[in-house]
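All of these numbers come straight from a predicted model, not from anything done at the bench. Numbering of ligands and ligand atoms starts at 1, following listing order. Only this structure's heavy atoms are used, side chains among them; waters, hydrogens and symmetry mates stay out.
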Amino acid sequence: MIPISKPLIGDAEKNAVMEVLDSGMLAQGPRTALFEDRFAATCGTKHAIATSCGTTALHIALLAHDIGKGDEVITTPFTFQASINSILFVGAKPIFVDIEEETFNINPDLIESAITPRVKAIMPVHLYGHMCNMDAIIDIAQRHDLFVIEDAAQAIGAAFNSRCAGSFGSGCFSLYATKNVMSGEGGMITTDDEAVAQRCKMLRNHGMQRRYYHEMLGYNFRMTDLHAAIGLVQMERLEEFTARRQANAAYLNSEIRNLITPKVHSGYKHVWHQYTVRMPGKPKDGLARDAAVKQLNEAGVGTGIFYPIPAHKHGYLRDYGVEAVSLPVTEQVANEVFSLPVHPQLSQEDLETIVTEVNRL
Ligand SMILES: *Cc1c(COP(=O)(O)O)cnc(C)c1O
């Protein structure tokens, strides 16, 4: 089976972990600090704050912007549920805005009419590694005095008009094992705002700046140096990983004939966290997409569906006062998408197998 994702772990990662083990300093320490510096430099931000995962990065980024009970956050329904859960964790409510069919990202044209007096922030999600239209989103945010908290979990290294994901507002990244740069588990917050950075550092460490002087309610959302060591090695190879993903995606785009293939809009640097195609159609028994995925899996081609159920459709949201809404583009696309392997470890033979099997659907 050609897997949908495969973490690239070499001797450098293994040696880096062994060095930390030998040093005896396992928890948040010098490797984490170095990883933060490298991350900030890569994203072009003044600060980067490492966390235990992407979800905790989102959680404390919201808190650091003083978003809580009674507040609302505009976001997309086509995302991993962590984006939504982080909003609920702080006691705020998500307001869902439908997506653009081509980029799968929040549709900026629909944002303004969704703004209520309680909306305090916009959380754009750069899905699959293609950034949202940040000109439009920043413009709306400035006119309505809203914070922008980017969920850049899938978009490390992505850019819009040469500016990196995570540098438009405060950015939240995930270093989960399947992400473009990974540390097993891990997260990062990027920001230019000194006060936000300080609050994030305190929130991740029990509200402390000085040991045992607790200035606010905080958490243990720290990264360990074991994870940071892996992330540091991976970070050095970001451009190489991205270039391979781009080459793989270009090949798939040029060879796949029978599906709606993904487009890259001009001005965007797509980092291809996922290569996602659409297969419309609803035969009598189930979705055409589901049949295609089954056929591909049987032929040894791994697939993923990100995400089969739109975020706003999960019933538990009603328990948090989030009303049911209808978002037609998202609901249609969720029935049609599936992702094919695009990761850096694919061989030319793998790519040819994928294309042959897809064109046979
Ligand atoms: C992976 C991911 C997250 C959560 O990150 P974790 O590190 O798994 O907590 C949040 N949002 C999106 C869009 C993601 O893909």
Task: Location of contacts on Thr55 toward ligand 1, heavy atoms closer than 4.0 Å - done: both

Task: Atoms in ligand 1 with a heavy atom of Ala153 nearer than 4.0 Å - done: 2 (C), 3 (C), 10 (C), 11 (N), 12 (C), 14 (C), 15 (O)

Open item on the list: Show the atoms of ligand 1 that are less than 4.0 angstrom away from any heavy atom in Gly54.
Closed with: 5 (O), 6 (P), 7 (O), 9 (O)

Open item on the list: Out of all atoms in ligand 1, which are within 4.0 Å of some heavy atom of Thr79? Include the element for each.
Closed with: 13 (C)

- [ ] Scan side-chain atoms only and decide if Thr303 and Asn297 contain a donor-acceptor pair under the 3.5 Å cut-off.
- [x] yes

Task: Donor-acceptor side-chain pairing of Asn253 and Tyr275 below 3.5 angstrom - done: yes

TODO: Let me know which of Arg204, Arg31, Lys201 forms a salt bridge (Lys or Arg N to Asp or Glu O under 4.0 Å) with Glu36.
DONE: Arg204

TODO: Taking the six-membered ring for Trp and the single ring otherwise, decide whether the centroids of Phe104 and His130 are under 6.0 Å apart.
DONE: no

Task: ligand 1 versus Val125: contacting region, heavy-atom distance under 4.0 Å - done: side chain

- [ ] Can you sort out which atoms of ligand 1 are near Cys53, meaning under 4.0 Å from one of its heavy atoms?
- [x] 7 (O), 9 (O)

Task: Test item, Lys179 contacting ligand 1 (heavy atom, 4.0 angstrom) - done: yes

Open item on the list: Once you restrict to heavy atoms under 4.0 Å, what part of Ala82 touches ligand 1? Side chain, backbone, both or neither.
Closed with: side chain

Task: atom 11 (N) of ligand 1 [closest protein heavy-atom partner, distance rounded to 0.1 Å] - done: Asp151 OD2, 2.7 Å

Open item on the list: Walk me through whether Val264 and Trp272 qualify under side chain to side chain contact (heavy atoms under 4.5 Å, CB included).
Closed with: CA-CA 10 Å; Val264 185; Trp272 300 102; 3.5 Å; yes

TODO: Please check if any side-chain donor atom of Thr45 sits under 3.5 Å from a side-chain acceptor atom of Ser167, or the reverse.
DONE: no

Open item on the list: Evaluate His126 against Phe160 for ring-ring contact (aromatic ring centres under 6.0 Å, His included), listing each step before the verdict.
Closed with: CA-CA 11 Å; His126 308 307; Phe160 172 70; 9.1 Å; no

Open item on the list: If I apply the N/O under 3.5 Å rule, does Tyr176 come out as touching ligand 1?
Closed with: no

Open item on the list: For atom 15 (O) of ligand 1, what is the closest protein heavy atom, and at what distance to 0.1 Å?
Closed with: Gln154 NE2, 2.8 Å

- [ ] Could you tell me whether Lys263 atom NZ has more than 12 heavy atoms of other residues or ligands within 6.0 Å of it?
- [x] yes

